[in-house]
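Here's the structure, in structure tokens; my notes come after.
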Amino acid sequence: YFLTKKHFCKKFWDKVGIIAYDFLNFSSKKVAVAEPGVPVQANQENKIFIGGKEYIAAHPRIVFEQNDFQGRFAKAVEDIETGTIIVEENAHSSVVDALHIVTNCQYCSISVDQPIACPSCGNVVFCSTNCERLANKSFHKVECLIQQSIFASGASVNCSLAMRIISQRPFSFFKDKKNKLKDFLKDSCKKSIIKKKSYRSDDYDNVFFLCRNQLARQKDELVHYSCMAIYLLRLLKFGKYFPFE
């Protein structure tokens, strides 16, 4: 169900528990985006969209909070006119599920009329040579050998998404991140999350600090997640993600 940016965003905000449901109107039309706080005229049919200074992809009247009961959530601090676009951003990571691997582009997720195959596998299609080139320069050069295994395993699309979050960046990126975030990996860590001046969807730190409700998980869930993590790790090794044996 993570087929397009629109669908991904809707699923994402459903997950974090956005409160302003009455104001949701995920339009399929493109909206121009400028610097934070700068109004942009999208087109004659759409009203001016102004992103916030901290959350540049969200309406300025939307704020984000967190508590132990709801986790992290968004809410409107003032009335917002019905039909107003309140959130529009690119997904940090997106995948095409097994049912759509031959109908949707593996890189940009759009529906494909004239599919272009991967030169090395028959598991995915692309909408253009540019998408094929970009995918094979990043995540697909790792996933090319292992994607069929993921589909055959019956793993959920969330597992594919977890894999993509890793495979779309080089090992060196996460090695550097581990050194910077190592204190937060400890169960005993009491530090507050790192908060930056602006929230960007392409910033991995924002994914790392998403509320996981790990203390509310049952033992069988933790065992399941641990087994899946080991499975994905072995797939990454098989896909030659790591620069060592």
Side-chain angles (χ1 to χ4, degrees), residues 1-95 108-109 157-158 161-162 164-165 168 177 180-181 183-185 187 189-217:
Y1 41 71
F2 294 108
L3 288 181
T4 65
K5 179 176 71 173
K6 177 180 68 174
H7 291 147
F8 179 88
C9 288
K10 187 177 189 305
K11 200 68 182 180
F12 176 77
W13 290 115
D14 286 347
K15 280 283 186 182
V16 298
I18 190 166
I19 291 178
Y21 286 111
D22 291 340
F23 308 122
L24 281 176
N25 181 29
F26 285 87
S27 172
S28 59
K29 299 174 182 177
K30 298 294 183 181
V31 176
V33 178
E35 294 299 318
V38 179
V40 175
Q41 181 67 50
N43 56 46
Q44 294 182 351
E45 296 181 9
N46 287 331
K47 296 181 179 180
I48 294 176
F49 175 80
I50 304 175
K53 292 183 178 180
E54 181 178 0
Y55 295 93
I56 61 176
H59 193 283
R61 295 180 182 177
I62 298 295
V63 298
F64 295 82
E65 297 180 358
Q66 184 169 335
N67 61 42
D68 293 337
F69 177 70
Q70 294 173 294
R72 184 170 175 269
F73 59 93
K75 70 177 184 180
V77 293
E78 298 179 33
D79 289 343
I80 301 175
E81 184 181 351
T82 300
T84 300
I85 296 175
I86 61 172
V87 173
E88 179 171 301
E89 69 177 350
N90 293 322
H92 178 83
S93 186
S94 61
V95 298
C108 69
S109 302
V157 70
N158 291 331
L161 188 60
R164 183 65 54 81
I165 290 174
Q168 68 186 7
K177 280 294 179 184
K180 293 179 179 179
L181 302 172
D183 289 342
F184 295 96
L185 295 172
D187 293 336
C189 179
K190 301 298 183 182
K191 290 184 177 181
S192 299
I193 65 173
I194 299 174
K195 191 171 184 180
K196 302 179 181 179
K197 291 183 178 180
S198 62
Y199 186 99
R200 303 187 63 88
S201 64
D202 58 357
D203 188 343
Y204 174 77
D205 289 5
N206 293 325
V207 176
F208 181 87
F209 288 115
L210 281 175
C211 178
R212 298 184 291 273
N213 292 318
Q214 62 268 31
L215 297 180
R217 303 296 183 187

query = Got a sec, which residues hit side-chain hydrogen bond (donor to acceptor under 3.5 Å, both in side chains) with Asn206, two or more places apart in sequence or on another chain?
reply = none
remark   = CZ (Phe73) and CG (Asn67) are apart, to the nearest 0.5 Å, by 4.5 Å
key: CA sep, side-chain torsions, deciding dist, call: Arg164, His92, side chain to side chain contact (heavy atoms under 4.5 Å, CB included)   = CA-CA 10 Å; Arg164 183 65 54 81; His92 178 83; over 6 Å; no
ask   = Can Glu65 and Lys75 be counted as an ion pair, charged N to O under 4.0 angstrom?
value = yes
note = Of all heavy-atom pairs linking Ala74 and Ile62, the shortest is CB-CG2, 4.0 Å
query = For Asn90, does its backbone N or O pair with a side-chain atom of Ser201 as donor and acceptor, under 3.5 Å?
reply = yes
note = Correct closest heavy-atom pair for Ile85 and His59 would be O-CD2, 4.1 Å
query = More than 12 heavy atoms of other residues, nucleotides or ligands under 6.0 Å from CZ of Arg200: is that the case?
reply = no
key: Flag side-chain contact, heavy atom, 4.5 Å: Asp205 against Lys196   = yes
Side-chain donor or acceptor of Ser94 paired with backbone N/O of Ala91 under 3.5 Å = no
task = Flag the pair Phe208 / Leu185 as yes when at least one side-chain heavy-atom distance between them is below 4.5 Å, and no otherwise.
result = yes
task = Show your working on ring pair (Phe, Tyr, Trp, His ring centres under 6.0 Å) between Phe64 and Tyr55 and close with a plain yes or no.
result = CA-CA 9 Å; Phe64 295 82; Tyr55 295 93; 4.2 Å; yes
query = Who pairs with Arg61 by side-chain hydrogen bond (donor to acceptor under 3.5 Å, both in side chains), at least two apart in sequence or on another chain?
reply = none
request  = With rounding to the nearest 0.5 Å, note down the distance linking OH in Tyr204 to OG in Ser93.
outcome  = 11.0 Å
message = Using the side-chain contact (heavy atoms from CB on, under 4.5 Å) criterion, which residues pair with Lys191? Sequence neighbours excluded.
response = Asp183, Phe184, Cys189
ask   = Counting heavy atoms not belonging to Lys177, are there more than 12 under 6.0 Å from its NZ?
value = yes
